[in-house]
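Naming convention: chains lettered A, B, ... in sequence-line order (proteins, then strands); numbering from 1 in each chain. Remember, it's a predicted structure, so these values are computed and weren't measured experimentally.
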Number of protein chains: 2
Amino acid sequence: MENLFYQPDLSQGALFLTPEESKHCLKVLRKKQGDTITLTDGAGYFYEALITEATISQCRFSIQRKWQEQLKKYHIHLAISPTKNPDRIEWMVEKCVEIGIDQITFLSCKNTERKSIKSDRMLKVALSAMKQSVRATLPVLSPLTSFQDFIKTDYSETAKFIAYVDMENPTHLMSLAKPGKHYLVLVGPEGDFTQQELNAALHKGFTKISLGNHRLRTETAGLAACLMLNLVNT
Amino acid sequence: MENLFYQPDLSQGALFLTPEESKHCLKVLRKKQGDTITLTDGAGYFYEALITEATISQCRFSIQRKWQEQLKKYHIHLAISPTKNPDRIEWMVEKCVEIGIDQITFLSCKNTERKSIKSDRMLKVALSAMKQSVRATLPVLSPLTSFQDFIKTDYSETAKFIAYVDMENPTHLMSLAKPGKHYLVLVGPEGDFTQQELNAALHKGFTKISLGNHRLRTETAGLAACLMLNLVNT
């Protein structure tokens with residue numbers, strides 16, 4: 001499949017591409033009336049469609065076929081502090097979506113320097129990565145949440161891990177994570193979690209994990225955890 | 001360890017920091033005469049040093065202690081096409097160094113759009129990542145080499161893999177790679193390797209591998225392969 005187009009309102013009967021997607025489809029890819037394109041609604045479905053109208057600004061189509069993306073037997077939720085440099089967390093979002101992730105929550109911790117997230121920008125990055133990797137499910141991107149509020153929530157259904165760098169050398173995520181679970185992994189800011197934050201997580205039933213013997217940047221740790229959990233389920 | 005300084009000529013008796021490192025050490029970190037700093041020569045050794053002179057532009061020191069970085073039982077060589085967008089391959093270099101890699105060769109393939117590499121920029125990225133992850137060995141960054149020339153070389157000592165996306169669904173790298181080997185992984189450009197390039201590699205004893213069920217960007221594939229080979233040896 002060469003190109004994947006996105007129309008979130010497909011199931012509500014929106015049989016056209018957004019102006020941006022239309023331009024890409026008609027101007028860049030030179031698609032014409034009668035050509036076939038593949039779309040996704042970002043909600044788990046792919047659609048094969050026939051272009052019925054191709055004007056300058058709008059590309060209308062009719063659905064020929066609809067099929068569901070293969071269901072995964074596991075669920076990955078990464079809760080991570082934004083990085084001081086916004087580009088770093090943005091590429092992590094792109095890479096996690098490519099590799100496979102279901103939810104990303106941005107955590108505002110004691111040592112988090114960046115106190116805001118460009119949600120629209122993040123969504124754009126995630127969308128483009130979803131299309132790039134030919135996926136039909138757009139991950140949930142949850143807004144910036146304070147660590148205290150986040151940790152209050154009860155995640156009884158999930159295998160809960162917290163990445164923390166200390167002298168005790170905790171067990172590696174690869175040996176702790178079992179296949180087919182709902183995972184939740186916490187990754188701290190550049191200054192890492194505070195001892196208080198760590199204790200709060202441990203108190204809530206999170207298990208301290210290692211991602212390797214070397215110090216990883218926040219965004220590298222998030223990506224590594226995401227890839228490892230996918231590998232555990234390979 | 002908070003900060004790691006780099007002086008490649010330490011073993012040749014260069015007991016001073018470069019102007020740039022001096023400024024960082026004295027101006028930013030406010031280190032003074034009599035303070036202790038940690039250095040690496042990028043060739044496998046760490047050094048604990050005492051600052052003996054701290055002028056505006058130069059920081060001189062005397063070695064107190066020298067120790068070798070823990071030796072790895074495996075060796076990872078990634079040969080990858082540069083990406084059209086130079087930032088993408090640069091961050092891959094940064095991430096691979098953080099996670100652990102021994103050599104990166106840039107491959108000029110039939111479908112490689114970028115025909116040049118900013119070697120000095122790459123070295124800078126690798127150096128900063130080495131210091132960030134507190135490593136003492138700077139990976140070898142080999143210049144841009146044509147695929148044909150690269151494949152001519154005999155890599156009889158290494159476990160040789162080529163990442164290639166096709167319908168045959170090759171075996172996953174994680175199940176093929178055995179621990180403690182010298183690995184060589186080839187990753188192609190945005191347009192992937194040509195059938196000819198693939199055949200040349202297979203003819204040379206490379207094994208076709210999969211990195212997962214989803215299409216990954218060039219730089220994501222390179223990073224994923226690097227992390228997987230480190231995990232195989234965890």
Side-chain angles (χ1 to χ4, degrees), chain A residues 1-4 69-70 72 85 87-101 128-137 165 167 169 171-177 190-191 210-234, chain B residues 1-4 69-70 72 85 87-101 128-137 165 167 169 171-177 190-191 210-234:
Chain A
M1 188 189 313
E2 267 319 289
N3 284 277
L4 185 63
E69 183 175 40
Q70 194 187 0
K72 284 170 36 232
N85 170 349
D87 296 349
R88 295 187 168 275
I89 199 74
E90 273 180 23
W91 86 238
M92 190 213 72
V93 168
E94 174 183 296
K95 296 314 167 199
C96 284
V97 174
E98 270 183 67
I99 286 165
I101 197 157
S128 128
M130 175 188 73
K131 288 157 69 176
Q132 156 70 26
S133 53
V134 196
R135 293 172 179 278
T137 309
V165 182
M167 292 302 100
N169 269 324
T171 314
H172 198 288
L173 176 59
M174 290 295 281
S175 38
L176 276 179
E190 274 89 347
S210 154
L211 298 171
N213 299 328
H214 284 271
R215 182 165 69 184
L216 299 178
R217 287 180 176 274
T218 293
E219 72 278 11
T220 318
L223 177 58
C226 175
L227 181 55
M228 289 175 193
L229 291 174
N230 276 284
L231 290 175
V232 164
N233 286 278
T234 296
Chain B
M1 187 190 313
E2 267 318 291
N3 284 277
L4 184 64
E69 183 176 39
Q70 195 187 358
K72 283 169 38 229
N85 169 351
D87 296 351
R88 294 186 168 275
I89 199 74
E90 273 179 25
W91 85 238
M92 190 213 71
V93 168
E94 175 183 297
K95 295 314 165 201
C96 284
V97 173
E98 268 183 67
I99 285 165
I101 197 157
S128 130
M130 176 188 73
K131 290 157 69 176
Q132 156 72 26
S133 53
V134 196
R135 292 173 179 277
T137 309
V165 183
M167 293 302 100
N169 268 324
T171 314
H172 198 290
L173 176 59
M174 289 297 280
S175 38
L176 277 178
E190 274 89 348
S210 154
L211 298 171
N213 299 329
H214 284 272
R215 183 165 69 184
L216 299 177
R217 287 181 176 274
T218 293
E219 73 277 10
T220 318
L223 177 57
C226 175
L227 181 55
M228 288 174 193
L229 291 174
N230 275 285
L231 291 175
V232 164
N233 286 278
T234 297

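- Atom CG of B/Asn213 sits in a sparse spot, with 12 or fewer heavy atoms from other residues, nucleotides or ligands closer than 6.0 Å.
- Between the side chain of B/Glu98 and the main chain of A/Thr220, no donor-acceptor pair closer than 3.5 Å is present.
- Residues B/Val165 and B/Arg215 have side chains not in contact (no heavy-atom distance under 4.5 Å, counting atoms from C-beta outward).
- Heavy atoms closer than 4.5 Å to chain A are found in the side chain of B/Leu227, but not in its backbone.
- Counting only heavy atoms from C-beta outward, the side chains of B/Val93 and B/Glu90 never approach each other to under 4.5 Å.
- Within the 4.5 angstrom heavy-atom criterion, only side-chain atoms of B/Thr234, from C-beta onward, approach chain A.
- Using a 4.5 Å cut-off between heavy atoms, B/Glu219 contacts chain A through its side chain alone, with no backbone atom that close.
- Between the CD1 atom in B/Ile101 and the CE atom in B/Met130 there is a gap of 15.0 Å [rounded to 0.5 Å].
- No side-chain donor-acceptor contact under 3.5 Å links B/Arg217 to the backbone of A/Ser133.
- When heavy atoms are compared at a cutoff of 4.5 Å, A/Leu216 approaches chain B by way of both its backbone and its side chain.
- For A/Leu223, the part sitting under 4.5 Å from any heavy atom of chain B is the side chain, from C-beta outward, and nothing else.
- Heavy atoms of B/Arg88 lying under 4.5 Å from chain A belong exclusively to its side chain.
- Of the residues considered (A/Lys95, A/Glu94, A/Gln70, A/Met174), A/Lys95 shows the highest number of contacts with chain B, using heavy-atom pairs under 4.5 Å.
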